[in-house]
Amino acid sequence: MALSRDQIAMRVAREFQDGNYVNLGIGIPTLAANYVPEGIEVMLQSENGLLGMGRYPSEAEVDADMINAGKETVTAITGASIFNSAESFAMIRGGHVDFTVLGAFEVDVNGNIASWMIPGKLVKGMGGAMDLVAGAKNIIVTMTHADKHGNSKLLPACTLPLTGVNCITQIITDLAVLEVADGAFHLKERAPGVSVEEIKEKTAGKLVVEGDIPEMKL
Amino acid sequence: MALSRDQIAMRVAREFQDGNYVNLGIGIPTLAANYVPEGIEVMLQSENGLLGMGRYPSEAEVDADMINAGKETVTAITGASIFNSAESFAMIRGGHVDFTVLGAFEVDVNGNIASWMIPGKLVKGMGGAMDLVAGAKNIIVTMTHADKHGNSKLLPACTLPLTGVNCITQIITDLAVLEVADGAFHLKERAPGVSVEEIKEKTAGKLVVEGDIPEMKL
Amino acid sequence: MSGFDKVVTSYEQAMQGLEDDMTVIAGGFGLCGIPEGLIAQIKKQGVKGLTIVSNNCGVDGFGLGILLEDKQIKKMVSSYVGENALFEKQLLNGELEVELTPQGTLAEKMRAGGAGIPAFYTATGYGTPVGEGKEVKEFNGRPYILEESITGDFAIIKAWKADRYGNCVYRHTAQNFNPMAATAGKITVVEVEEIVEPGELAPTQIHTPGIYVDRVIKGTFEKRIERKVLAKEDR
Amino acid sequence: MSGFDKVVTSYEQAMQGLEDDMTVIAGGFGLCGIPEGLIAQIKKQGVKGLTIVSNNCGVDGFGLGILLEDKQIKKMVSSYVGENALFEKQLLNGELEVELTPQGTLAEKMRAGGAGIPAFYTATGYGTPVGEGKEVKEFNGRPYILEESITGDFAIIKAWKADRYGNCVYRHTAQNFNPMAATAGKITVVEVEEIVEPGELAPTQIHTPGIYVDRVIKGTFEKRIERKVLAKEDR
């Protein structure tokens, strides 16, 4: 069966290693913070200028001067640092953030990603997404494998305006874990109960399936 | 009579206006801080990362962690700020420092300056001088009008490797105050008792003398 | 000896010299760390044709959003906009122009503007609509685009505390774009919660040295919260 | 849960992985704010062929100057050198190469290296020997030269205090090049006067966030003064 949003987040969190600095985009990526495995610590970077983002505040802790990149009220962990936006993106652009997890409209076999603009719809902006995909050492894209009409989001070539080129190496969808390399998607894991056939069917870009594909562990 | 080093510094200090941020090079420029006119306050920037440089320390105040750009022990005034070298040169390069005063080997009629390198001699480096001449809004060069062999330092074209091009607008020597504009030195003031003739004789580059040239006030 | 006393006592003095068609760089991220009183003064002055450089454009009725009400903004340079209906309407009408700029590139453009760096290379935006028409150069086999710096006629800044010399500190994440914006204005105006005496801020802990600041005014702040989210047990 | 604990207890651990022909970026200005123990460890390890990027090269017998004694330095990238006789001798012998770089450009090159900016334009050095062979471009009618960023295999840093997560603060003007150098090393090692617990340093007052730091070691410092100058009344 296709994974729930929380299950995708759980699978994402299994990628984290102890000591990783991680930037989580809005939506499913943010949920991953709830599922960091036992014995592993990650430090969350929020691109508005906070390293060591904590949980949401209690009513008494709410402070208009303490927000995250999603403009939500937030807290800082003990040992956090707070800095300006240029410094924050120096960290990101300079490759000091270990992982970025973000959503996408489309990803293609060359690791291109489209995530910010749908022609004809009002464009709100790319925020920090272009900097994040250009800068992080490892990027994980989380999304549903296909849109609600059943159209694949894993394409031979993105059709929407890009957020970044040649930058995506790993995709975790509701159906599968895939790596992007050598102009193809490489199937690595499938969601429990989801067949390789179904994944093939919903992957428009070139898909490489080698050997037995194990089910994900969550 | 030719001005003493302290007299040159006195004349330099008369250029300062209340509220100016000033960077003073090693030597005569540094002396100018001793002659800031009554009722005028300037704040000294030291390019190793100190805005609001104070006097030299007492024995008890000496602190190895508190030095100026000349690597001398120093103090900070009340209201000073201390920052890193990139920020310090952002101030300089970005034109936020109002005045830079520095010495030179040669200046020419196009506002070029040579101050850091004599071929054949050991080259120690330009330090922050190239950034200062590229960045400050107003630069005052202080030097003797001629070298000890009587050779003019105000030339049609610098002969030594340059520190900066087209950047010098004002020169204060032991003999005169001059402005640099339109490919010439313009004589503005002469040292008390020094004749225009003597200045003409010791100025190798094109010199413009218009009207009566007053004596300097110190 | 008043040359370093940057304190002004009226908003008219604070924004004196602002004229039609000028460029204003504004600090703030969403509604966090925005110079509320300086924005209100711009609305009151009624200047038109402004180019505003700011990560966002406020919301309907608050922050930079209030400058849309009388159509004072000609162009926004931002990374993320459209949290307000009026913005959307003016954009679709063609009354408002938007130059979308990646957030990190925007921050770096302001910093570069203040630091005398006219342009820099970044990988951000290469191969995307942001990179179109920009110079491309490879370094170590990777393509980068050339981005030019930004400066403004005015920079409007919100700080927590400033001393009379203009030395500023920011509180929590209200720092955001403010320090870079402060360096990039020909005239930089800082609105603060508290004015302190020189020496009260430790020299090594000053976020914005006073050399960048022309005017300081004490404001009062509503500090509206855009998205109040509470810990689960408090919901 | 030790992933963020950067503290190491021996200098061997601190400089583990340093090899011949590597590039080391060192913080410090003159003898102020230099990682004395890390430099001593490099001498002890005896690695050769190093490229050292640092504003200066110490003095005879102290600071980076001690690495000249066994000819460990192949090349210095600095703005001002030659405060030591041994340096001069090796330079004139051709045993040592020097790349003189304007001080502000050097600081910006380190910052750019750490910030993923491969190159930037500056007016500094245009028309001088520094600009020779570099790309020139005009912005607003003024010529600028293109300068490339610097990164190193190691960065060696002196801070005042660091917590276990590597968050650092610097004391007085011992800050200088240290914060930029800290961002530009593949492996960044910080030698400090005091190690504190996370939370002891206020989040907004941290000069170097721990994300840039790989190893922290507590050192003891001689802090030699290069030019002790006293107020007139104390001379």
Side-chain angles (χ1 to χ4, degrees), chain A residues 34 46-50 53-76 80 82-93 112-114 116-117 119 122-135 161-167, chain C residues 29-33 55-56 78-83 88 91-92 98 100-108 110-112 122-131 142-144 160 170-180 207 221-235:
Chain A
N34 300 331
S46 189
E47 64 265 28
N48 61 317
L50 171 58
M53 181 166 66
R55 55 170 174 70
Y56 291 117
S58 69
E59 188 69 61
E61 288 169 331
V62 167
D63 188 326
D65 290 339
M66 186 60 120
I67 66 168
N68 65 19
K71 294 163 194 163
E72 302 168 326
T73 49
V74 79
T75 61
I82 295 175
F83 33 80
N84 66 49
S85 301
E87 179 69 49
S88 186
F89 282 94
M91 282 175 197
I92 291 167
R93 205 191 301 104
N112 300 328
I113 174 173
W116 71 287
M117 184 179 176
L122 184 81
V123 180
K124 293 198 167 188
M126 68 295 282
M130 286 190 185
D131 306 281
L132 281 159
V133 298
L162 298 181
T163 309
V165 297
N166 274 321
C167 53
Chain C
F29 183 89
L31 304 182
C32 181
N55 192 56
N56 317 92
S78 304
S79 87
Y80 197 81
V81 291
E83 304 278 30
E88 203 170 318
L91 186 63
L92 294 172
V98 176
L100 290 171
T101 305
Q103 198 175 136
T105 298
L106 184 62
E108 192 68 15
M110 291 184 194
R111 181 192 176 273
T122 176
T124 302
Y126 170 77
T128 79
V130 166
R142 188 177 183 192
Y144 293 80
W160 181 26
Y170 305 93
R171 189 166 172 274
H172 299 335
T173 61
Q175 185 170 165
N176 57 62
F177 282 83
N178 281 295
M180 286 75 67
H207 296 122
F221 296 86
E222 176 186 336
K223 289 198 188 178
R224 195 182 290 183
I225 291 174
E226 204 162 341
R227 295 196 186 131
K228 182 171 159 182
V229 183
L230 295 176
K232 269 198 183 132
E233 55 277 22
D234 276 53
R235 280 175 206 165

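Residue numbers begin at 1 in each chain, while the letters A, B, ... track the order of the sequences.
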**Student:** Who wins among A:Val62, A:Thr75, A:Ile82 for the most heavy-atom pairs under 4.5 Å with chain C?
**Tutor:**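 The option with the most such pairs is A:Ile82.
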**Student:** Are the side chains of A:Phe83 and C:His207 in contact, using a 4.5 Å heavy-atom criterion?
**Tutor:**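 Of all side-chain heavy-atom pairs linking A:Phe83 with C:His207, none is under 4.5 Å.
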**Student:** State the OG-CD distance between C:Ser79 and A:Glu47, to the nearest 0.5 angstrom.
**Tutor:**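 That separation rounds to 9.0 Å.
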**Student:** Evaluate the side-chain contact (heavy atoms from CB on, under 4.5 Å) criterion for residues A:Met126 and C:Leu100: first the C-alpha distance (whole Å), next the side-chain angles of each, then the deciding distance (0.1 Å), finally the verdict.
**Tutor:** CA-CA 7 Å; A:Met126 68 295 282; C:Leu100 290 171; 3.7 Å; yes
**Student:** Answer with side chain, backbone, both or neither: which region of C:Pro179 has an atom nearer than 4.5 Å to a non-hydrogen atom of chain A?
**Tutor:**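 The side chain, not the backbone.
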**Student:** Between C:Thr128 and A:Thr163, is the side-chain contact (heavy atoms from CB on, under 4.5 Å) condition met? List the steps.
**Tutor:** CA-CA 6 Å; C:Thr128 79; A:Thr163 309; 5.6 Å; no
**Student:** Let me know if A:Asn68 has heavy atoms under 4.5 Å from chain C in its side chain, its backbone, both or neither.
**Tutor:**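 When you check distances to chain C, only backbone atoms of A:Asn68 fall under 4.5 Å.
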**Student:** Answer yes or no: is there a side-chain heavy-atom contact under 4.5 Å between A:Lys71 and C:Phe29?
**Tutor:**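 A:Lys71 vs C:Phe29: side chains touch.
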**Student:** Specify the closest pair of heavy atoms between C:Thr173 and A:Met66, including all atoms of both residues, with the distance to one decimal.
**Tutor:**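 Nearest pair, atom of C:Thr173 first, then A:Met66: OG1-CA, 3.4 Å.
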**Student:** Evaluate C:Phe177 against A:Asn48 for side-chain contact (heavy atoms from CB on, under 4.5 Å), listing each step before the verdict.
**Tutor:** CA-CA 8 Å; C:Phe177 282 83; A:Asn48 61 317; over 6 Å; no
**Student:** State which residues pass side-chain hydrogen bond (donor to acceptor under 3.5 Å, both in side chains) with C:Asn56; sequence neighbours excluded, sorted by chain then number.
**Tutor:**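 Once residues adjacent in sequence are excluded, C:Asn56 has no partner under the side-chain hydrogen bond (donor to acceptor under 3.5 Å, both in side chains) criterion.
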**Student:** Let me know if C:Leu106 has heavy atoms under 4.5 Å from chain A in its side chain, its backbone, both or neither.
**Tutor:**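 Looking at C:Leu106, nothing touches chain A.
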**Student:** Checking A:Ser58 against chain C: side chain, backbone, both or neither under 4.5 Å from a heavy atom?
**Tutor:**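 The answer is both parts of A:Ser58.
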**Student:** Chain A heavy atoms under 4.5 Å from C:Leu92: which part of the residue, side chain, backbone, both or neither?
**Tutor:**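 The answer is the side chain of C:Leu92.
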**Student:** Under 4.5 Å, counting heavy-atom pairs only, tell me which of A:Gly127, A:Gly135, A:Cys167 racks up the most with chain C.
**Tutor:**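 Going by pairs under 4.5 Å, I would pick A:Gly127.
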**Student:** What residue, out of A:Gly70, A:Gly164, A:Pro161, A:Ser88, has the most heavy-atom pairs lying under 4.5 Å from chain C?
**Tutor:**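 Most pairs with chain C among the choices: A:Gly70.
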**Student:** How long is the span from the OH atom in C:Tyr170 to the CG atom in A:Asp65, to the nearest 0.5 Å?
**Tutor:**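 C:Tyr170 atom OH to A:Asp65 atom CG measures 13.0 Å (nearest 0.5 Å).
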**Student:** Rounded to the nearest 0.5 Å, what separates atom CD in C:Glu88 from atom NZ in A:Lys124?
**Tutor:**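 Between C:Glu88 CD and A:Lys124 NZ, I get 6.5 Å after rounding to 0.5 Å.
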**Student:** Are the side chain of A:Arg93 and the backbone N or O of C:Gly104 linked by a donor-acceptor pair below 3.5 Å?
**Tutor:**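 Checking the backbone N and O of C:Gly104 against the side chain of A:Arg93, a donor-acceptor pair under 3.5 Å is found.
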**Student:** For the residue pair C:Leu230 and A:Tyr56, what are the closest heavy atoms and their distance?
**Tutor:**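 Taking C:Leu230 first and A:Tyr56 second, the nearest heavy atoms are C-CB, 3.5 Å.
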**Student:** Less than 4.5 Å apart, side chain to side chain, heavy atoms only: is that true for C:Pro129 and A:Trp116?
**Tutor:**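 Sidechains of A:Trp116 and C:Pro129: in contact.
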**Student:** Judged by modelled atom types alone, do C:Asn176 and A:Ser85 share a side-chain donor-acceptor pair under 3.5 Å?
**Tutor:**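 No - no donor-acceptor pair under 3.5 Å links their side chains.
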**Student:** Which atoms of A:Glu61 are under 4.5 Å from chain C, going by heavy atoms: the side chain, the backbone, both sets, or neither?
**Tutor:**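 Looking at A:Glu61, nothing touches chain C.
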**Student:** Under a 4.0 Å N-O cut-off, is there an ion pair linking A:Asp63 with C:Lys223?
**Tutor:**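 Salt bridge: no.
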**Student:** Holding to side-chain hydrogen bond (donor to acceptor under 3.5 Å, both in side chains), I want the full list of residues that pass it with A:Asn84, two or more places apart in sequence or in another chain.
**Tutor:**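 In terms of side-chain hydrogen bond (donor to acceptor under 3.5 Å, both in side chains), with neighbours along the sequence ignored, A:Asn84 is linked to no residue.
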**Student:** Taking the side chain as C-beta and beyond, is there a heavy-atom pair between C:Glu108 and A:Phe89 under 4.5 Å?
**Tutor:**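 Answer no - side chains too far apart.
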**Student:** Are the side chains of C:Lys228 and A:Glu59 in touch, meaning some heavy atoms are under 4.5 Å apart?
**Tutor:**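 Yes, their side chains come closer than 4.5 Å.
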**Student:** So, for C:Val81 and A:Val123, which heavy atoms are closest and what is the spacing to 0.1 Å?
**Tutor:**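 For C:Val81 versus A:Val123, the nearest heavy atoms are CG2-O, 4.4 Å.
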**Student:** Between A:Ala64 and C:Cys32, which heavy-atom pair has the shortest distance, and what is it?
**Tutor:**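 A:Ala64 and C:Cys32 have their closest heavy atoms at O-SG, 3.5 Å.
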**Student:** By a 4.5 Å heavy-atom criterion (distance strictly below it), what part of C:Thr101 contacts chain A: side chain, backbone, both, or neither?
**Tutor:**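 Interface part for C:Thr101: backbone (N, CA, C, O).
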**Student:** Of the listed residues (C:Lys232, C:Arg171, C:Glu226), which shares the most heavy-atom pairs with chain A below a 4.5 Å separation?
**Tutor:**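 The answer is C:Arg171.
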